[in-house]
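Structure, as structure tokens:
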Amino acid sequence: MIQCSSVAAVINVPKTDTSSQGSLRERLNVQAEAARAAEKTRSEQASASAEFYRTHLRERLLRAADYFQGIVEDLQTIQFETSAMYPFGPSGERDVLLKQHDFLFSVDDPELPKKVSVACTCDLKLPVSRTVQNLHDANEFEDYLRETGIRYYRHRQADLSSSGNESSRFTVEGSLTAGFHLQANPEKQGIDLHTLNLERLPTRSYLLQPERVEDTLFERLGRLLLREIDSAVKTEVSPEVRKALQAKAAQRQRERAQVDAQSEAASAQAKEGRASRHAQIALKDAGKKTKKTLEELKAWAERRLGNRLDPRE
């Protein structure tokens, strides 16, 4: 008979570290309090923004929606068309005409508008081409085209005679969208104005105080849309700011001149290097010819001298 004896296992359970539990609870409590405080702040900010929209922005955007809805309906009724000029052509100035038509209005919410938009289409009748002679200007022009949203093609060509400088030929075709929108920004206590393909730069953004969003601005935006003026906001530039802008422009011109001078110096150095290599090659060829001539003369002299010493003569 086989007898089995049971053995009692003894498990040592570590004592509870109450100080460690207390530290963990304190850390979690601190994090929870911080989360609750952040949520309370967000809630208060959201409430303040909602209140600011209700008391300062809603009425402004309702008036804007009413104004531009009427404008666009009239433009659609008379099938209004106009011309817009863009700097796509060879001169780099605003020398390419696009036909502007199909005006559209939209508002995200007729009762509680947050965004009021007006847009139209600008068509290019025929593709146009423009050649830009250096890489820096070509990249800037490509950035401009990309920002307008019009379709384009870029063909690059390296100029090996000028130290690797690169020209680009652009072909521009199709159409683009032009317009603007007014959007509530209660967090910054204002209304954002964004323009697209209406001013000198393809896109512009302004943060307007609520009191500036009124009939005078609406009239100006309407005239901008119809290409009667070329800027959305009329600004007065102080003499100090004008002087600073002029100094900045002069600095950019000096930097551009420095880059051009460095490019010309690199091109001249490359040409000198090529001339030097040509001279070295010519000198080496001349040395080879001279050596060959001397060797031929030496061989001829040895033959003549050998013939004279021949006893058979």
Side-chain angles (χ1 to χ4, degrees), residues 64-65 67-108 114-159 165-183 192-206 217-218 220-233:
Y67 182 94
F68 289 112
Q69 184 176 15
I71 288 288
V72 171
E73 286 177 353
D74 290 342
L75 292 172
Q76 292 173 342
T77 299
I78 63 178
Q79 297 183 351
F80 184 86
E81 292 185 358
T82 188
S83 299
M85 306 296 292
Y86 288 87
F88 296 156
S91 72
E93 300 298 329
R94 293 188 172 269
D95 53 4
V96 177
L97 182 146
L98 279 73
K99 184 178 75 172
Q100 181 171 298
H101 59 98
D102 287 348
F103 295 85
L104 298 173
F105 164 82
S106 66
V107 58
D108 60 343
K114 300 295 197 310
K115 184 176 181 180
V116 176
S117 303
V118 178
C120 61
T121 300
C122 300
D123 291 327
L124 187 61
K125 184 176 181 180
L126 295 172
V128 296
S129 295
R130 177 176 171 186
T131 299
V132 184
Q133 296 297 336
N134 64 76
L135 184 61
H136 177 270
D137 290 347
N139 288 339
E140 282 194 345
F141 185 55
E142 183 171 25
D143 290 341
Y144 176 88
L145 292 175
R146 187 182 297 112
E147 199 169 357
T148 66
I150 199 166
R151 185 166 60 250
Y152 69 91
Y153 305 94
R154 179 178 180 179
H155 308 279
R156 302 168 182 258
Q157 183 176 5
D159 183 1
N165 198 9
E166 183 181 280
S167 63
S168 294
R169 183 173 179 270
F170 292 86
T171 301
V172 185
E173 62 183 24
S175 62
L176 55 80
T177 299
F180 61 86
H181 67 257
L182 293 161
Q183 186 167 3
D192 291 323
L193 167 62
H194 300 280
T195 67
L196 174 63
N197 294 322
L198 291 179
E199 302 182 80
R200 299 293 298 184
L201 296 177
T203 59
R204 293 291 301 272
S205 297
Y206 309 88
L217 176 67
F218 302 158
R220 189 170 184 86
L221 289 177
R223 295 181 61 199
L224 177 68
L225 182 69
L226 301 186
R227 308 292 176 168
E228 296 179 1
I229 57 176
D230 59 6
S231 63
V233 177

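Note that the structure is a prediction, hence the values are computed from the model and not measured.
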I'd like a table of donor-acceptor pairs (distance under 3.5 Å, sequence neighbours excluded) in which one partner is a side-chain atom from residues 68-82, with atom names and distances.
| unit_1 | atom_1 | unit_2 | atom_2 | d |
| --- | --- | --- | --- | --- |
| Gln76 | NE2 | Phe103 | O | 2.8 |
| Thr77 | OG1 | Glu73 | O | 2.8 |

inquiry  = Return the CG to NZ distance between Leu98 and Lys125, rounded to the nearest 0.5 Å.
reply    = 12.5 Å
message = Tell me the closest heavy-atom pair linking Ala232 and Tyr206, and the distance in Å.
response = CB-CE1, 4.2 Å
ask   = Can you name the nearest heavy-atom pair linking Leu224 to Ser231, along with the distance?
value = CD1-N, 3.6 Å
query = Shortest non-hydrogen contact from Gly89 to Val96?
reply = N-CG2, 3.2 Å
ask   = Do His155 and Ser168 have side chains that get closer than 4.5 Å, going by heavy atoms?
value = no
query = In this structure, are over 12 heavy atoms from other groups packed under 6.0 Å from Arg154 atom CZ?
reply = yes
query = Taking Asp123 for the side chain and Ser175 for the main chain, is one N or O donor matched with an acceptor at less than 3.5 Å?
reply = no
query = For Arg227, what residues pass the side chain to side chain donor-acceptor pair (under 3.5 Å) criterion, not counting sequence neighbours?
reply = Tyr86, Gln100
Trace of the side-chain contact (heavy atoms from CB on, under 4.5 Å) decision for Leu145 with Ile150 = CA-CA 6 Å; Leu145 292 175; Ile150 199 166; 4.2 Å; yes
ask   = Does Arg130 make a cation-pi contact with Phe141, if we ask for NZ or CZ under 6.0 Å from the ring centre and within 45° of the axis?
value = yes
inquiry  = Quick check: closest heavy atoms across Cys120 and Leu225, and the distance to 0.1 Å?
reply    = SG-CD1, 4.3 Å
message = For Lys115, is there any backbone N or O sitting under 3.5 Å from a side-chain donor or acceptor partner on Asp108?
response = yes
message = Please check: side-chain N/O of Arg94 versus main-chain N/O of Arg200, any donor-acceptor pairing under 3.5 Å?
response = yes
Check: Phe170 ring centre within less than 6.0 Å of Tyr153 ring centre = no
request  = Supply the atom-to-atom distance Asn197 CG to Leu176 CG, rounded to the nearest 0.5 angstrom.
outcome  = 4.5 Å
key: Audit row: Val116, Phe105, side-chain contact (heavy atoms from CB on, under 4.5 Å) steps and yes/no   = CA-CA 8 Å; Val116 176; Phe105 164 82; 3.7 Å; yes
request  = Mind checking ring-ring contact (aromatic ring centres under 6.0 Å, His included) for His194 and listing every partner two or more places apart, or none if nothing turns up?
outcome  = His181
inquiry  = So Phe180 and Ser117, do their side chains get closer than 4.5 Å, heavy atoms only?
reply    = no
request  = Specify the closest pair of heavy atoms between Ala178 and Leu198, including all atoms of both residues, with the distance to one decimal.
outcome  = CB-CD2, 4.0 Å
message = The test is side-chain hydrogen bond (donor to acceptor under 3.5 Å, both in side chains); show your working for Glu147 and Thr203 and say whether it passes.
response = CA-CA 7 Å; Glu147 199 169 357; Thr203 59; 2.3 Å; yes
Shortest non-hydrogen separation from Glu173 to Leu124 and the atoms involved = CA-CD2, 3.7 Å
ask   = Out of Gln157, Gln133, Arg156, which residue meets the side-chain hydrogen bond (donor to acceptor under 3.5 Å, both in side chains) rule with Glu166?
value = Arg156
key: Gap between atom CG of Leu97 and atom SG of Cys122 - 0.5 Å precision   = 10.0 Å
inquiry  = Do Ser205 and Thr195 have side chains that approach each other closer than 4.5 Å (heavy atoms only, starting at C-beta)?
reply    = no
task = To the nearest 0.5 angstrom, please state how far the CG atom of Leu182 sits from the CG atom of Leu221.
result = 6.0 Å
inquiry  = Let me confirm one number: the CD-CD1 distance from Glu199 to Ile229, rounded to the nearest 0.5 Å.
reply    = 8.5 Å
